[in-house]
Structure formats: structure tokens, C-alpha cells
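Since the structure comes first, as C-alpha cells, the remarks are kept for the end.
Bear in mind that the values here come from a model prediction, so they are computed numbers and not experimental data.
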Amino acid sequence: MSAGSLLAFLMTVTIISGPMSSLAIQYARLQRAVGAADRLFAILDDPMEQPDLPDSVEFPSGEAHVDYSEVCFNYNPETAVLRNLTLGIPAGKITALVGPSGSGKTTVASLLYRFYEIQSGCIRIDGVPLNSIRRTELRKNIGLVPQEPILFNGTIYENIRYGRLEASEKEIEEAAAAANVAEFVESMPDRYQTMIGEKGMTLSGGQRQRVAIARAILKDPRILILDEATSALDTQSEMLVQEALERLMHGRTTIVIAHRLTTIRNADQIAVLDAGCIVETGTHEELIALGGRYATLHDIGVTA
């Protein structure tokens, strides 16, 4: 092949390879977009929440006592998740829900937040049926700290402020101090203006959890739900998070879903679920002395 022919061939390859490479990149982007569109349309296709009743009321002004009365719920007609569940959750006290995986613990909490509607029975707050309370009022007065906190690609300040958008800078920093967020923020160059990435990827698990607790403290809810809030943390992180949680729980009606004994030992009431039913209630000491389901779970380490 002559030099001229070789040069022409190389130029042709160069001209073709550029668009081909670009096409491969665009195809990969298209595939990601299709996947994202599928998820988006799945959300849009979800049924709308039931509208508030015409005579719905504000959140009750009492002490926030919660009652579950013969509550039945299932995600599909074939499988009952909760069966005639009856449970009183005292105002200003800590109630722990324990039981094996699939017993209905998280469902109990989800129904209080009205993520789902019960099939029968009734849930009341200070005697007012849950479906009679306006959703916005209900959710404004219930705080949730899940096992994996939902953080956004913004600053630490913005993520805490999401708990109450009208909060002042002083209130946000006070909430951060109460949640032990200030303990690690002070060492960051941009302090509260530090960007944390999608889902808080630049923070450790304990740091993410403390930001979520600060958000809940700022919200100042009447009722608090802690869904295995310390189960994925190492011992040192758990100590700092547990200290922050104790400040948050003080004086609030609190539901704790947990596997670790350190979280529930000092609960005012422990309710043991099995197959969607409450089978035992009492303090840690009372249930251990009873020698029933809780004692068995404790011995095999399910709640440890």
C-alpha cells in the first residue's frame, strides 16, 4: 500500500471512529434514560392517596396518645400482615416493637404515617380517628428516622433545614448541636455549607444518621418513629447516635423498631409481634421474667 493510500485509509478510519464512538456513548445514555423513565412512570402510575374527609380536623392538641384497635391490614388479598392488632402507645413514653422479620413491625409504623390505609379496625390519636386528621397536619406532627436516612445532594445546612423550611440559622445550628452533628462539622472547611453528594455519599453512616436526627429535632414532632435507626452502625457511631436519639425522644410519644437490645432495654413498654399479632407487652424485665416469646427472641439474639 502506497503512503498516499495509507494516509487516506487512516483519515477515513479517524473520520468514522469519531461518530461511532459518539454513537456508543449516546446509546449508553439512552439506556440509562429508558431505565429512569420506567421508574418515573411507575411512580406516576401509582394510585393517588385518598383525599381528606370533608370534615377533617387539625392534629389533636392532647398529649399524643396513640391507640390501635383491632387493626387489620394486608398488602395483597392473599396475605394478612396485621390481624386484629390492638395496642395502646402511651403519650410521652417509649414503646418498642420487636419480633422476627416479617412480623409487621414496620407496617405498624407506616400505617400511623398513613403511607397505607387499613382494611378494618381503627387507629386513633387522642381519641381522634387517624383518617379524620388532615394528612398535612398528621405528617407535620410525626417525625421519622429510618435505618437509611434520605439525604439530598446539597449542603449539610440544607439537609437539616428540610425538617422545617422556615427555621432560622440559629435554630438549625442548635438542632445540629443537639444531634452531635457539630462534632464532625467543625472539622470541615466549609462547615454547614459542605456539599454531601447524592444520598450523603461523602458522609459516614453515623454522620448521615446524625444529620437525619438533627432534621427531626428541628421538625419538633409530637410523635416520633425510629425504624432501626442504629442497626447499621459501628459501636462508636452508635454511641453518638444513641446520645442524640435520647435527646430527641425525651418527652415525645416514641415508637422504636429495633433489633439491638441496647435500643429497647429501657423502653417504657415493649410490644412483641408475631405473624401480625401482639403476643406480649411489658417492660424488658417483665417479659424476661415471663419466659415467653420475648425471652426466646432475646436468648437467640434476635433483639440483640
Side-chain angles (χ1 to χ4, degrees), residues 46-47 49-50 64-91 93-125 129-131 133 135 138-139 142-148 150 221 223-232 249 252-261 263-265 267-284 286-288 290 292-304:
D46 274 350
E49 289 184 323
Q50 295 179 11
H65 180 94
V66 180
D67 275 305
Y68 290 76
S69 179
E70 297 185 348
V71 172
C72 294
F73 175 78
N74 55 64
Y75 294 102
N76 58 69
E78 293 78 25
T79 307
V81 179
L82 299 181
R83 299 180 295 170
N84 296 316
L85 183 139
T86 297
L87 175 66
I89 298 176
K93 303 293 184 181
I94 299 171
T95 295
L97 303 180
V98 302
S101 179
S103 59
K105 304 183 297 295
T106 297
T107 300
V108 171
S110 297
L111 292 177
L112 184 60
Y113 213 78
R114 286 191 72 187
F115 284 143
Y116 307 97
E117 301 294 338
I118 61 177
Q119 272 81 45
S120 64
C122 189
I123 304 174
R124 295 180 176 87
I125 299 177
L130 202 65
N131 63 353
I133 303 171
R135 264 197 188 82
L138 179 72
R139 292 172 180 173
I142 298 178
L144 173 62
V145 181
Q147 178 180 356
E148 187 58 42
I150 300 172
I223 298 172
L224 179 64
I225 299 171
L226 305 178
D227 193 349
E228 300 187 27
T230 63
S231 64
M249 291 187 291
R252 302 182 200 275
T253 302
T254 304
I255 300 173
V256 178
I257 302 168
H259 289 303
R260 291 192 180 183
L261 187 60
T263 310
I264 63 173
R265 180 186 289 273
D268 298 290
Q269 173 183 241
I270 298 172
V272 185
L273 280 83
D274 192 10
C277 300
I278 300 290
V279 294
E280 293 174 350
T281 57
T283 64
H284 171 77
E286 290 169 346
L287 294 176
I288 290 294
L290 185 63
R293 183 64 172 154
Y294 178 81
T296 301
L297 293 172
H298 175 265
D299 290 342
I300 64 176
V302 170
T303 57

Thr107 versus Tyr75, side-chain donor and acceptor atoms under 3.5 Å = yes
Validation row: Pro90, Thr95 side chains within 4.5 angstrom (heavy atoms) = yes
ask   = Between Ala271 and Ile278, which heavy-atom pair has the shortest distance, and what is it?
value = CB-CD1, 4.0 Å
ask   = What's the shortest heavy-atom distance between Leu112 and Ile125, and which atoms?
value = CD1-CD1, 4.2 Å
note = One should read off an interatomic distance between Ile118 CD1 and Ile123 CD1, to the nearest 0.5 angstrom, of 5.0 Å
key: Side-chain heavy-atom pair Thr79, Asn74 within 4.5 angstrom cut-off   = no
request  = Would you name the heavy atoms of Gln269 and Ile89 that are closest together and state the gap between them?
outcome  = NE2-CA, 4.4 Å
request  = Over all heavy atoms of both residues, which pair between Ile133 and Arg114 is shortest? Give the atoms and the distance, please.
outcome  = O-NH1, 3.7 Å
Separation between CD1 of Ile142 and CD1 of Ile255, rounded to the nearest 0.5 Å = 8.0 Å
request  = Heavy atoms only: give me the nearest Val81-Gly104 pair and the separation to one decimal.
outcome  = CG1-CA, 4.3 Å
ask   = Could you state the interatomic distance from CG (Leu273) to CG (Leu82), rounded to the nearest 0.5 Å?
value = 7.5 Å
query = What heavy-atom pair brings Leu111 and Leu130 nearest, and what distance separates the two atoms?
reply = O-CD2, 3.3 Å
